[in-house]
Amino acid sequence: MSGRDQPQRAVGEPSARDRATVLVVDDEPSICWAFERLLSDLGHVVKTASSAEAGLELAAAERPDLVLLDVRLPKEDGISALPKFIEASGGSPVIVMTAFGDLETAVAAVQRGASDYLVKPFRLDDARRVCQVALATSKSRSAPVPIVRKDQRENRLVGSSPAMQQAFRQIALVAASDLSVLITGETGTGKELVGAAIHRHSHRAKEVYLPVAPVTLNEDLVESELFGHVKGAFTGADADRSGLFDRAEGGTVFLDEIGDLPMGVQVKLLRVLDQGEYLRVGDVHPRRCNVRILAATNRDLHEAMRLGQFREDLYYRLSGLHIHLPPLRERLEDVAVLSRYFLSRLGNEAAAEFLSEELVEELCRRPWYGNVRELSNAVEHAAVVARGRSLTIDDFPDPQLGRVPSEPPRPEAALAAAVAAWCKERLDGDAAGDSLTTLHADLIAAVEPTLLRLTLQSTAGNRAAAADRLGIHRGTLREKLRHYGIGDVDAAGGT
């Protein structure tokens, strides 16, 4: 066959040298079929097995370049079998898959050697990306860090929503490193719990974990509290004094409300992140430090940077990895599992077991502006009132109690929520095959007529005044009114 007659390789298809063998171990035929289609289309060879035992035989025989391993398998589970697959495949990357993810599972998977973690159901685009990254990664990997588990009733991260599954995955992946982490989210979403979890599963777990909110410290002494001072640095500094970074040596510092840190202290913190050293107040000799920094805030740091209130270079150094915790009202599927968890912490296992679906539905209708912290307090209140019986909605505190009436939801927030819901519906439709080529135009057409009508009504139909209020040229307004079929009578509120 001449060179001209040779079959041409499809664009994006790997060459023979790059073609990989991928082993998929899952007892769900649909998952195996989906990966066969996905990876075969990419030019790879796909082998499948429905149990860990059968998969290990294939791994030893085929020496696959990548293994996709389900957690829940008929006999031996995926987590237990994971090291065996790494050994049988000669150190090839293993991606763990599960429909029942929690933080412990994610950490166990990563620290037993998994290269990544997929939570079912997942988008094929996400699966493709994870597989391609794993195949491009060297087979060598560092030894897993032992997991530190504490068998005691303590606050921990709980959730079954995709957002929390993503948070678990990020924690598992970043815990063993020394990367700084920026944790964002509204008050009460669990940012400090994320910080504690990262420390607990890191190689620094036996060292100090020091959570501190600089905003609660004396404003004039924040720098001294964090970094210490030398004798004579300022009035009242009668002796050398160590700071929080001294006391956290070898461990982890969790800086809460980092967005409120004074600019002068931001500069010093940047030096810690960049050079691993700091200066005590009044000292000229820098001190080395070995501290991991985790930071959290409920502020919009991009807006703070725009206003000159937060250093851009510090933002990028802090966010080695960014973990965002959405508000509880955006992940209502977590309400049930959180409520049962909070009840179990109180020793009310029976109430946790028989938490009715009707009650959960009622709880999901509440806004939870205080997020997980508010839900925790409400469940504790209800458990005390119920005195051991199953809970009812009447056992819970009035959601309006403690709400500040002078701070109603901003119209901008309501508008943003409505637009978000509209966009999500359309984007979900796109996943089903609908076209979004006119998404922007459709959104404008949905909201602009109302804006034009109400503005004209506010000016009693005066188009010149309406154009001024809208900040557009009168000719532009005229064309828009013609486009939407809005006439003077209609605009003035007539019939």
Side-chain angles (χ1 to χ4, degrees), residues 93 95-96 103-104 106-117 129-130 133-134 136-138 140-148 157 163-185 189-212 214 226 244-245 248-259 261 266-278 288-297 301-302 305 310-325:
I95 297 171
V96 167
L103 177 57
E104 271 62 40
V107 171
V110 171
Q111 295 193 346
R112 283 179 179 239
S115 65
D116 215 325
Y117 187 83
R129 175 184 54 77
V130 169
V133 169
T137 302
S138 169
S140 62
R141 53 179 33 80
S142 57
V145 180
I147 299 174
V148 179
L157 286 167
M164 289 308 297
Q165 298 299 310
Q166 171 68 0
F168 295 158
R169 173 178 174 272
Q170 289 178 297
I171 292 169
L173 292 173
V174 80
S177 75
D178 270 336
L179 271 179
S180 54
V181 181
L182 178 64
I183 309 159
T184 59
T189 50
K191 298 187 291 296
E192 187 170 339
L193 294 182
V194 171
I198 292 172
H199 175 77
R200 187 168 63 250
H201 294 291
S202 75
H203 65 89
R204 298 176 183 267
K206 295 183 179 180
E207 305 298 333
V208 175
Y209 173 69
L210 189 58
V212 57
L226 290 177
L244 296 174
F245 274 83
E249 178 66 20
T252 304
V253 170
F254 176 85
L255 294 173
D256 202 3
E257 304 305 341
I258 192 72
L261 203 62
Q266 291 183 32
V267 175
K268 282 209 165 187
L269 183 58
L270 184 63
R271 182 171 184 170
V272 174
L273 290 162
D274 278 340
Q275 303 174 30
E277 63 182 29
Y278 63 92
R288 300 293 301 172
C289 70
N290 173 24
V291 172
R292 183 181 194 174
I293 296 177
L294 309 177
T297 183
L301 291 186
H302 289 284
M305 287 188 287
F310 200 83
R311 293 181 62 96
E312 185 174 347
D313 48 4
L314 177 58
Y315 170 81
Y316 289 113
R317 286 295 285 116
L318 284 172
S319 52
L321 181 77
H322 182 187
I323 299 178
H324 179 70
L325 296 179

Is Gln266 reaching over with its side chain to a backbone N or O of Leu261, donor-acceptor style, under 3.5 angstrom?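 Present.
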
N/O donor-acceptor pair under 3.5 Å between Tyr209 side chain and Arg200 backbone: no

With Leu173 as reference, evaluate Leu321, Leu179, Asp116 under the side-chain contact (heavy atoms from CB on, under 4.5 Å) test and give the passing residue. Asp116

Quick check on side-chain contact (heavy atoms from CB on, under 4.5 Å): which of Ile293, Ile183, Val194 does Phe254 satisfy it with?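 Looking at Ile293, Ile183, Val194, the match for Phe254 under the side-chain contact (heavy atoms from CB on, under 4.5 Å) is Ile183.
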
Evaluate the criterion side chain to side chain contact (heavy atoms under 4.5 Å, CB included) for residue pair Leu103 and Met164; output intermediate values, then yes/no. CA-CA 9 Å; Leu103 177 57; Met164 289 308 297; over 6 Å; no

Does the side chain of [Y] come within less than 4.5 Å of [X]'s, by heavy atoms?
| X | Y | value |
| --- | --- | --- |
| Glu207 | Asn290 | no |
| Tyr315 | Leu182 | yes |
| Leu301 | Leu318 | no |
| Pro211 | Asp256 | no |
| Gln170 | His324 | no |
| Arg271 | Tyr278 | no |

Least distance between heavy atoms, [X] atom then [Y] atom:
| X | Y | answer |
| --- | --- | --- |
| Gly185 | Lys191 | O-NZ, 3.1 Å |
| Ala106 | Tyr117 | CA-CE1, 3.5 Å |
| Cys289 | Glu249 | CA-OE1, 3.5 Å |

Atom OG in Ser177, atom NE2 in His203: separation rounded to 0.5 Å?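 If I round to the nearest 0.5 Å, the distance is 7.5 Å.
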
Atom pair CD (Gln166) and CG (Leu325), whose distance is rounded to the nearest 0.5 Å: 11.0 Å

Output, in order, the C-alpha distance, side-chain angles, deciding distance and verdict of side chain to side chain contact (heavy atoms under 4.5 Å, CB included) for Ile198 and Arg292. CA-CA 11 Å; Ile198 292 172; Arg292 183 181 194 174; 3.5 Å; yes

Tell me if the CD atom of Glu312 is crowded by more than 12 foreign heavy atoms within 6.0 Å. no

Report the C-alpha separation of Val212 and Leu255 in whole Å, then their side-chain angles, then the decisive distance to 0.1 Å, and conclude whether the side chain to side chain contact (heavy atoms under 4.5 Å, CB included) test is met. CA-CA 5 Å; Val212 57; Leu255 294 173; 3.5 Å; yes

Leu270: side-chain contact (heavy atoms from CB on, under 4.5 Å) partners, not counting sequence neighbours: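 Once residues adjacent in sequence are excluded, the partners of Leu270 under the side-chain contact (heavy atoms from CB on, under 4.5 Å) criterion are Asp274, Arg311, Asp313, Leu314, Arg317.
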
Under the criterion side chain to side chain contact (heavy atoms under 4.5 Å, CB included), I'd like the reasoning laid out for Val291 against Leu210: C-alpha separation, chi angles, the key distance, then a yes or no. CA-CA 10 Å; Val291 172; Leu210 189 58; over 6 Å; no

